[in-house]
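Heads up: the structure comes next, in structure tokens.
Remember, it's a predicted structure, so these values are computed and weren't measured experimentally.
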Amino acid sequence: SNNNPYASFGATLARDEEQNLWSTPHDVTHTEADDDRVLYNMIVVRNQLDKDSEEWQKLNYDIYTLRQTRKEVRSRWKHILEDLGFQKEADSLLSVTKLSIISDSQNMSKARDILLKLSEETNIFPTSWELSERYLFVVDRLIALDAADEFFRLASAVYPKRPGGDRLDEAPRPLQ
């Protein structure tokens, strides 16, 4: 056993940099939610494989695809926040860290309902998307700002649910 408290510092730092991967490997706004752990585990497995192998290439592609999907979802949220007038605050409203808290525990139920409604009635998330705890914090902030209902209304207009699935590469419908 090594008594040096700094012995694992480099390993911890490297792990922290790859842990989130919400949109980029060095994104400090992450939270260790289930979807972050899935991505982290994919990276761990990929890093144990030979870079020339098919398995490594497939995992690398899956990791890239998941990161791109996350970036697109975040971009959709940011677009709506900016359309609501939160141009300067959009990034901070979307910033979720381990230290983030729900502003009012009574809002938790309403925030979950709105997030579920966004998932079911809009195309802001891809069909295969599992609801992320990250956006529960964002909806809570919108409730505190009395902007959650307007956010839902705008999301419904800009990203309406389309029958037959969705595609992330489609452009959003322009606002009326």
Minimal non-hydrogen separation, [X] against [Y], with atom names:
X    : Y    : answer
D52  : Q57  : O-NE2, 4.3 Å
W56  : K51  : CE3-O, 3.4 Å
R70  : L39  : NH1-CD2, 3.4 Å
I143 : A148 : CG1-CB, 3.7 Å
E82  : Q87  : O-NE2, 3.0 Å
S92  : R141 : O-NH1, 3.4 Å

Evaluate the criterion side-chain contact (heavy atoms from CB on, under 4.5 Å) for residue pair V139 and K110; output intermediate values, then yes/no. CA-CA 9 Å; V139 172; K110 184 175 181 183; over 6 Å; no
Do side-chain atoms of K161 reach the backbone of S156 as a donor and acceptor pair under 3.5 angstrom? no
Check for a donor-acceptor pair, side chain of T65 on one end and backbone N or O of Y61 on the other, with a separation under 3.5 Å. yes
Working to the nearest 0.5 Å, report the span between [atom1] of [X] and [atom2] of [Y].
X    : Y    : atom1 : atom2 : value
L59  : M42  : CG    : CE    : 5.5 Å
I63  : Y40  : CD1   : OH    : 11.5 Å
L116 : E121 : CG    : CD    : 9.0 Å
L93  : D140 : CG    : CG    : 11.0 Å
L84  : H79  : CG    : NE2   : 10.0 Å

N-O pairing of E55 and K58 below 4.0 Å: no
Is the closest basic N to carboxylate O distance between D149 and K117 below 4.0 Å?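 No, no charged N to carboxylate O under 4.0 Å.
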Per the side-chain contact (heavy atoms from CB on, under 4.5 Å) rule, which among L118, I80, L115 passes with F152?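 Testing F152 for a side-chain contact (heavy atoms from CB on, under 4.5 Å) against L118, I80, L115 leaves exactly one candidate, L118.
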Aromatic rings F125 and W77: how do their planes relate, parallel, tilted or perpendicular, breaks at 30° and 60°?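 If you compare the ring of F125 with that of W77, the planes turn out tilted.
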Compare all side-chain heavy atoms of [X] with those of [Y] and state whether any distance is below 4.5 angstrom.
X    : Y    : value
E54  : L49  : no
F151 : L145 : no
K78  : D91  : yes
L142 : E150 : no
R76  : V158 : no

N41, CG atom: more than 12 neighbouring heavy atoms under 6.0 Å: yes
Pair K71-R74, side-chain contact (heavy atoms from CB on, under 4.5 Å): steps then yes or no: CA-CA 5 Å; K71 282 181 185 179; R74 186 182 191 285; 5.8 Å; no
